[in-house]
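In what follows, chains carry the letters A, B, and so on, assigned in the order in which the sequence lines appear, proteins first and then strands, with residues in each chain numbered from 1.
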2 protein chains.
Amino acid sequence: MPRGNSVTIREVARRAGVSIATVSYVLNESAPISEETRARVLAAAAELGYRPSALARGLRARQSHTIGYSWHHVPRDRWHPILDPFLYSIAQAAEAEGYHILTFAQPADGDPWRPYQELMLTGRVDGFILSETNRDDPRIRYLLDHNFPFVAFGRANEEWDFPYVDVDNAAGTRMAVEHLTALGHWRIAVIAWPEDSLTGSYRLQGYLEGMAAAGLSVDPEWIVRTEHSEAAGRQAMQALLALPPDRRPTAVVTMSDLMAIGAMNALYEAGLQPGRDVSIVGFDDVPMAQYLRPPLTTLRQPIAEVGAKVVEMLLRLIRGEPLPERRVLLMPRLIVRESSGPHPSSGG
Amino acid sequence: MPRGNSVTIREVARRAGVSIATVSYVLNESAPISEETRARVLAAAAELGYRPSALARGLRARQSHTIGYSWHHVPRDRWHPILDPFLYSIAQAAEAEGYHILTFAQPADGDPWRPYQELMLTGRVDGFILSETNRDDPRIRYLLDHNFPFVAFGRANEEWDFPYVDVDNAAGTRMAVEHLTALGHWRIAVIAWPEDSLTGSYRLQGYLEGMAAAGLSVDPEWIVRTEHSEAAGRQAMQALLALPPDRRPTAVVTMSDLMAIGAMNALYEAGLQPGRDVSIVGFDDVPMAQYLRPPLTTLRQPIAEVGAKVVEMLLRLIRGEPLPERRVLLMPRLIVRESSGPHPSSGG
DNA sequence: GGGCATAACTGAAACGTTTCAATTCCTGGG
DNA sequence: CCCAGGAATTGAAACGTTTCAGTTATGCCC
């Protein structure tokens, strides 16, 4: 059962009539070799279909040319707006540089840094890409302590100095508020995440900044903090609708499309029409957003760019090159659809 | 810059006062070693935090303990219902057996088997998991020709003999039809995929079988073939609504939730209510399905089971163990929600 | 008490590379 | 004609394991 073939550098050397050292030098262009020998080696390698063993190469060079990325479990009733395209973009960017992505499952229990430690100690990966970071992320702490190369998609504790790429979440919600004020809204609520969510705090901050910039005051009741689910979004919207008419918001900024969907469903249940009676803005631009009724106004994250940037930075770290920028923020883009419309009073 | 530490078997041996061979035997339990020595070695290994180098081990043993899985690009306006949970389940199942998943991007152009060849020849992976198979899949052809271990999620050419796990798509649509006939429907249409889709042909076949089993005749106009997108589903539904009243279907089985959403949107645009005027059944049970208005009746694929099964089979192949079953079909499950309801006449 | 099987352990080869240090072969200067 | 010096090439070590083939010690039988 020949699995794979297995032509080695030795056979190439024999066929080309040179030493294995010469073959290595030709293939890696790491020493001056005469044009004639070079051609002979290349020909021999091509004829035999030779490909150097990644394992042997890695052992000798002490690197695996592999990047670790952990895959997070997402419960069935939610979905993760970025995992999919993010993985694709990092895989692609890495492969262009001869690296591959090793995905591993983040177990639900136990120390989150365990799998990282294992991959690190066994020499399976040269660096990590992290996502789903949180404030005092133990994984970041661990990797920093052990001085192992990594780049995060997302921020953490402000005191920790580590390379990351993140979307400018605050700018996103600020744009959302600007968009709504431009449509004539002034009673704008926000359905936010719990305090322990770092991303949530940036998004909430953007909302507050946007309101301040527009000279609008914020009723404390307009800020509803709740978990990331459709049901939570729905309940939050119900709470907002229960406010007295003169304090009831006409527009709502949400932390995610999933929560926006919940909010819209609450509106329907109350006999209201999203985009006409109450405007809704989501965050993420999940594929579904455009097919909702009405299609959802939302903020699209530049996932592919984040992926490319993260890989570029990580490879620099791995290669020991200097990093021009350790903290990169990329702008989201507001996608305006019909779930946000003019203030009700202006329409009639 | 110490990246990772790098305690080797040699240091463990020295600390335990034995040869490196003994250490290896203890750690792999591959030779009889006295209890006393064993304890000393284990202690030394633990104190030093020793983990064997995966590269060295792989080089010597000629295996990487890695499984390749290619990641497919999905255009922004669609989403892939299975990639996400599937990857998680195979990563988890593989890790339980000491294997890891190497994900690589399937390039849009060029021979589809190229990346497989590369990983195979460089010895980076011991086997592959394929998904998104099609009828004469060149990747399957290539791997069969080169006798390299792989298991597919999905079938291909019936003539090719290779190990796969698939969902019983025909059973799924058969269940959908049964469900609809039980609700009193008899004019049941199907929005199907183009002829070149293998999965589509199984699902269509299930519909036909379901109709036949119920003793219902199928109007050729009830079978609309179109591509996998929301817009296509919408147009297909419009075409069905344009049929004369006595031939217009009261229920529609679709190939995917995405197309079901398109169909529901077409109903809304025509002033009709999905689940009341026309029943709709999707396929996949994407996370969004339950939050649609109305929530979508659909077929849930047992993705986690498929992943576990695929990994189990692949590891057997890699280890040279016999495969008890080379062709596994797993049943989908009908999730009944409100997009399917009783035949309109019965309600009023 | 000598021979012999068995248990416990070790030395060294091998896996397939890269790369250091050494060797060969030229060429040109003195 | 000899030698220095550079270009091209090679032999061999090293990367960190596993495992084959010994080697040593121990106990047992006749």
Side-chain angles (χ1 to χ4, degrees), chain A residues 2-42 44-45 48-66 98 119-124 126, chain B residues 2-42 44-45 48-66 98 119-124 126:
Chain A
R3 55 182 43 164
N5 68 9
S6 203
V7 17
T8 75
I9 198 174
R10 205 154 263 117
E11 302 170 45
V12 177
R14 204 153 56 82
R15 177 176 261 251
V18 297
S19 72
I20 62 167
T22 303
V23 175
S24 175
Y25 288 138
V26 168
L27 263 30
N28 299 308
E29 303 186 348
S30 49
I33 299 288
S34 73
E35 191 46 50
E36 186 213 329
T37 309
R38 199 179 113 80
R40 233 178 34 249
V41 169
L42 254 25
L48 294 172
Y50 169 72
R51 300 268 52 219
S53 151
L55 257 27
R57 188 182 274 221
L59 174 60
R60 170 67 221 223
R62 291 196 151 86
Q63 49 177 323
S64 58
H65 281 266
T66 303
L119 291 171
M120 193 174 117
L121 292 182
T122 54
R124 270 178 172 282
D126 298 338
Chain B
R3 58 181 42 164
N5 67 9
S6 204
V7 17
T8 74
I9 197 173
R10 203 154 266 115
E11 302 170 46
V12 177
R14 205 154 54 82
R15 177 177 262 249
V18 296
S19 73
I20 62 168
T22 302
V23 176
S24 174
Y25 289 137
V26 168
L27 263 31
N28 298 309
E29 304 187 346
S30 49
I33 299 287
S34 73
E35 190 47 49
E36 186 214 330
T37 310
R38 197 180 113 80
R40 245 192 7 262
V41 168
L42 255 23
L48 294 172
Y50 169 71
R51 299 268 52 218
S53 153
L55 257 28
R57 186 180 272 218
L59 175 60
R60 171 67 221 224
R62 291 197 150 86
Q63 49 177 321
S64 58
H65 280 264
T66 304
L119 291 171
M120 193 175 117
L121 292 183
T122 55
R124 270 178 171 283
D126 298 339

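Between B/Q63 atom CD and D/dT17 atom C1' there is a gap of 13 Å when expressed in whole angstrom units. At whole-Å resolution of the value, CG in A/L59 and P in D/dT17 are 9 Å apart. Rounded to an integer number of Å, the gap from A/I9 CD1 to D/dT10 P is 12 Å. Per the geometry, CZ belonging to B/R10 stands 8 Å off P belonging to D/dT17, to the nearest Å. The CD-P distance, from B/E11 to D/dT17, rounds to 9 Å in whole Å. The distance from atom CD1 of B/I20 to atom P of D/dT19 is 13 Å, rounded to the nearest whole Å. When rounded to the nearest whole Å, the span between CG of A/L121 and P of D/dT17 equals 11 Å. For the pair A/E29 CD and C/dT19 C1', the computed distance is 17 Å after rounding to whole Å.
No salt bridge links A/E11 with A/R14; every basic N to acidic carboxylate O contact stays at or beyond 4.0 Å.
At the phosphate of C/dG16, neither OP1 nor OP2 sits under 4.0 Å from any side-chain N or O atom of A/S53. Taking side-chain N and O atoms only, B/R62 has no distance below 4.0 Å to OP1 or OP2 of C/dC15. In this structure, A/T8 does not reach the C/dC15 phosphate: none of its side-chain N or O atoms is under 4.0 Å from OP1 or OP2. Proximity of B/S24 to the phosphate of D/dT19: no side-chain N or O atom is located under 4.0 Å from OP1 or OP2. One finds no side-chain N or O of A/S34 lying less than 4.0 angstrom from the OP1 or OP2 phosphate oxygen of D/dA7. Side-chain nitrogen and oxygen atoms of B/T22 include at least one within less than 4.0 Å of the OP1 or OP2 phosphate oxygen of C/dT10. Residue A/Y25 has no polar side-chain atom (N or O) positioned under 4.0 Å from OP1 or OP2 of D/dA7.
Atom OG of A/S53 is separated from atom CG of B/L121 by 11.0 Å, given to the nearest 0.5 angstrom.
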Item to complete: I would like to know whether A/R57 and B/T122 meet side-chain hydrogen bond (donor to acceptor under 3.5 Å, both in side chains); could you show each step before the answer?
Response: CA-CA 10 Å; A/R57 188 182 274 221; B/T122 55; over 6 Å; no
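Of the candidates D/dG16, C/dA8, C/dT19, C/dT19 carries the atom nearest the A/A21 side chain, counting heavy atoms from C-beta on.
Nearest heavy atoms, B/V7 versus B/L48: CG1-O, 3.4 Å. For B/H65 against B/D126, the heavy-atom pair with the smallest separation is N-OD2, 2.8 Å. What you find for B/R124 and B/S64 is that their closest heavy atoms are O-OG, 2.9 Å. When every heavy atom of B/Y50 is checked against every heavy atom of B/L27, the shortest pair comes out as CE2-CD2, 3.4 Å.
A/V18 pairs with exactly one of A/V12, A/T37, A/V26 by the side-chain contact (heavy atoms from CB on, under 4.5 Å) rule, that one being A/T37.
Between the two ends of the helix from C/dG1-D/dC30 to C/dG30-D/dC1, each summarised by a five-pair axis, the helix axis turns through 70° (rounded to 10 degrees).
Taking only distance into account, the side chain of B/R60 meets the base of D/dT18 through a donor-acceptor pair shorter than 3.5 Å.
Heavy-atom distances to DNA chain C give each of B/R40 and B/A56 a nearest nucleotide, and the one nearer the 5′ end belongs to B/R40.
Looking at heavy-atom distances under 4.0 Å, A/T37 makes contact with sugar-phosphate atoms alone, never a base.
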